[in-house]
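Worksheet for the structure shown next.
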Amino acid sequence: MSDDDLRQKLSLLLDGELSESDSLALMARIESDATLRRQWHRYRLVSEVMRSGKVLPVDDRFVDQVRATIANEPAILAPRPEKHRYREKAVTAALAASLAVVAVLVGKSVKDYSPVPGPEVLAQTELVDPDEVRSALDPQFQDYLVTHYETAYLAGAPGLLPYARLVTYDSSR
Amino acid sequence: MGEQLDEELVRRVQRGDKTAFDILVRKYQYKIAQLINRYIKDPHEALDVAQESFIKAYRALPSFRGESAFYTWLYRIAINTAKNHIAMRARRPSEDEIEIEEAEQFESAVRLKDQETPEGVVLSEELARVIQFALDELPEELRTAISLREFDGLSYDEIAQVMNCPVGTVRSRIFRAREAIDKKLKVLLG
């Protein structure tokens with residue numbers, strides 16, 4: 001490749017118009033070729049001045065100093081392999097799908113719920129109104145029970161429920 | 001230079017290839033330096049902070065997952081580094097060895113430091129003058145091609161449409177324009 005071709009590629013690299021493989025090869029070459037590096041710097045300088053009207057000149061010392069500092073840094077740990085990331089994504093997707101199914105089922109059961117028991121109900125407890133029970137008792141029998149409760153204990157004959165209070169009957173008096 | 005290229009370089013650095021990071025530094029050193037120079041006007045200080053930004057980026061690369069473009073990530077690191085630098089500088093007046101009598105003037109001293117430095121202004125102005133002179137001397141088709149690229153940020157395809165010519169011609173015109181400007185610049189830079 002002639003110098004002219006090389007510089008033209010440099011121009012394309014600056015504009016992002018070079019293929020990825022050619023860009024990588026040329027950038028690696030810039031690192032090892034001082035003449036090419038100077039050319040690259042001048043191209044960048046012109047580009048920056050044209051775009052912003054002013055520039056902070058950066059030379060080779062910039063990269064050298066960063067390189068010298070990170071030379072003493074520990075080697076970078078590689079990130080987790082791609083396949084683990086795919087597995088993570090698959091697990092996340094499976095969880096999301098499971099939650100969606102549960103949500104649909106719960107939603108359906110709520111929608112289908114009806115307070116009226118269907119024919120499949122096998123047993124049902126009948127609720128009895130306490131007022132009905134109270135009115136069904138003979139008033140004389142109620143008086144007898146209350147009197148018995150109040151006097152049986154004093155007569156030394158404990159009733160059936162000596163410590164219980166017959167609140168229901170008492171309140172109905 | 002697209003994001004795919006950066007992704008490949010980042011992968012190489014994450015596998016322990018430090019030379020790939022040199023390439024990333026060289027690729028973005030101008031952009032990051034200009035960016036920081038907007039916050040820190042002193043050129044030497046701005047370059048120090050720019051270097052610090054790259055070093056921080058290198059240390060943080062193991063946690064970089066590529067959820068954003070590398071440059072976007074680097075840009076955020078650079079902005080934070082510049083802001084932290086300014087905040088630390090403001091908290092440490094004693095480092096500038098200010099006398100008690102001068103303490104009242106410290107605020108204005110800091111502000112003065114943020115102004116454009118004369119050498120930076122002169123160099124920028126001189127470069128801009130030489131580049132404008134070189135542009136004026138270019139044949140019209142070269143001047144239009146490089147202007148559409150640098151001033152307007154058009155891609156080669158877009159320039160080809162605007163100039164009604166093949167993309168290959170655009171490549172050649174932009175390169176020839178750069179070569180002509182470079183010839184003038186080499187004289188200035190020595």
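When reading the values below, keep in mind they use all heavy atoms of this one structure, side chains included, and skip hydrogens, waters and symmetry mates. Residue numbers begin at 1 in each chain, while the letters A, B, ... track the order of the sequences.
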Query raised in the report: Which one of A/Val58, A/Val49, A/Asp64, A/Thr69 has the most heavy-atom pairs closer than 4.5 Å to chain B?
Result: A/Val58
Query raised in the report: Checking B/Val13 against chain A: side chain, backbone, both or neither under 4.5 Å from a heavy atom?
Result: both
Report task. Could you grab the distance from atom OG of A/Ser52 to atom NZ of B/Lys31, nearest 0.5 Å is fine? Result -> 12.0 Å
Report task. Determine yes or no for a side-chain-to-main-chain donor-acceptor pair under 3.5 angstrom, with A/Arg44 supplying the side chain and B/Lys27 the backbone. Result -> yes
Query - Exam field: side chain B/Gln34 to backbone A/Leu56, donor-acceptor pair closer than 3.5 Å - result: yes
**Report entry** Part of A/Leu10 within contact of chain B (heavy atom distance under 4.5 Å)
**Finding:** neither
Requested in this report: I would like to know whether B/Arg178 and A/Asp15 meet salt bridge (Lys or Arg N to Asp or Glu O under 4.0 Å); could you show each step before the answer?
Outcome: CA-CA 12 Å; B/Arg178 284 200 172 118; A/Asp15 294 331; 2.8 Å; yes
Query raised in the report: Do the side chains of A/Arg42 and B/Lys183 get nearer than 4.5 Å, heavy atoms only?
Result: no
Query raised in the report: Is chain A contacted by the side chain of B/Arg12, its backbone, both, or neither, given a heavy-atom distance below 4.5 Å?
Result: side chain
Report task. Counting only heavy atoms closer than 4.5 Å, note whether A/Asp59 contacts chain B via side chain, backbone, both or neither. Result -> backbone
**Report entry** Atom group of B/Ile131 that falls short of 4.5 Å from chain A, counting heavy atoms
**Finding:** side chain
Requested in this report: Can you establish whether the number of heavy atoms outside B/Asn164 located under 6.0 Å from its atom CG is more than 12?
Outcome: no
Report task. I would like to know whether A/Met50 and B/Phe151 meet side-chain contact (heavy atoms from CB on, under 4.5 Å); could you show each step before the answer? Result -> CA-CA 7 Å; A/Met50 286 183 78; B/Phe151 292 134; 3.7 Å; yes
Requested in this report: Would you check if B/Phe175 and A/Asp4 make a side-chain contact, meaning some heavy-atom pair closer than 4.5 Å?
Outcome: yes
Query raised in the report: With side chains defined as the heavy atoms from C-beta onward, is the minimum distance between A/Arg61 and B/Gln51 less than 4.5 Å?
Result: no
Query raised in the report: Is there a side-chain contact between A/Val46 and B/Leu127, using heavy atoms and a 4.5 Å cut-off?
Result: no
Query raised in the report: For A/Arg38, is it the side chain, the backbone, both or neither that has a heavy atom under 4.5 Å from a heavy atom of chain B?
Result: neither
Query raised in the report: For the side chain of B/Lys18 and the backbone of A/Arg67, is there at least one donor-acceptor N/O pair under 3.5 Å apart?
Result: no
**Report entry** 4.5 Å side-chain heavy-atom contact, A/Glu31 and B/Thr19
**Finding:** no
Query raised in the report: For B/Leu135, is it the side chain, the backbone, both or neither that has a heavy atom under 4.5 Å from a heavy atom of chain A?
Result: side chain
Requested in this report: Evaluate the side-chain proximity of A/Glu48 to B/Glu150: yes if any heavy-atom separation is below 4.5 Å, no if none is.
Outcome: no
Query raised in the report: Does B/Arg143 CZ have over 12 foreign heavy atoms under 6.0 Å away?
Result: yes
Query raised in the report: Do you know which of A/Leu45, A/Ile30, A/Asp60 has the most heavy-atom pairs under 4.5 Å to chain B?
Result: A/Leu45
Query raised in the report: Should A/Glu20 and B/Glu7 be marked as a side-chain contact (heavy atoms from CB on, under 4.5 Å) after you check the CA-CA gap, both sets of side-chain angles, and the distance that decides it?
Result: CA-CA 11 Å; A/Glu20 188 183 331; B/Glu7 284 173 19; over 6 Å; no
Report task. With the side chain counted from C-beta on, respond yes when B/Arg26 and A/Arg37 share a heavy-atom pair under 4.5 Å apart, and no when they do not. Result -> yes
**Report entry** A/Val66 side chain near B/Phe21 side chain, heavy-atom distance below 4.5 Å
**Finding:** yes
Requested in this report: Could you look at B/Ile23 and say if it's the side chain, the backbone, both or neither that has a heavy atom under 4.5 Å from chain A?
Outcome: both
Query raised in the report: For B/Glu179 and A/Gln39, what are the C-alpha separation, side-chain angles and deciding distance, and is it a side-chain contact (heavy atoms from CB on, under 4.5 Å)?
Result: CA-CA 10 Å; B/Glu179 286 286 278; A/Gln39 183 89 39; 3.5 Å; yes
Query raised in the report: Quick one: does A/Glu17's side chain have a donor or acceptor within less than 3.5 Å of a partner on B/Tyr156's backbone?
Result: yes
Query raised in the report: Does the pair B/Arg59 and A/Glu73 meet the rule for a salt bridge (Lys or Arg N to Asp or Glu O under 4.0 Å), with working shown?
Result: CA-CA 8 Å; B/Arg59 288 172 182 158; A/Glu73 299 277 326; 2.6 Å; yes
Query - Heavy-atom pairs under 4.5 Å with chain A, option from B/Ala46, B/Ala20, B/Ala50, B/Ser63 with the top count - result: B/Ala50
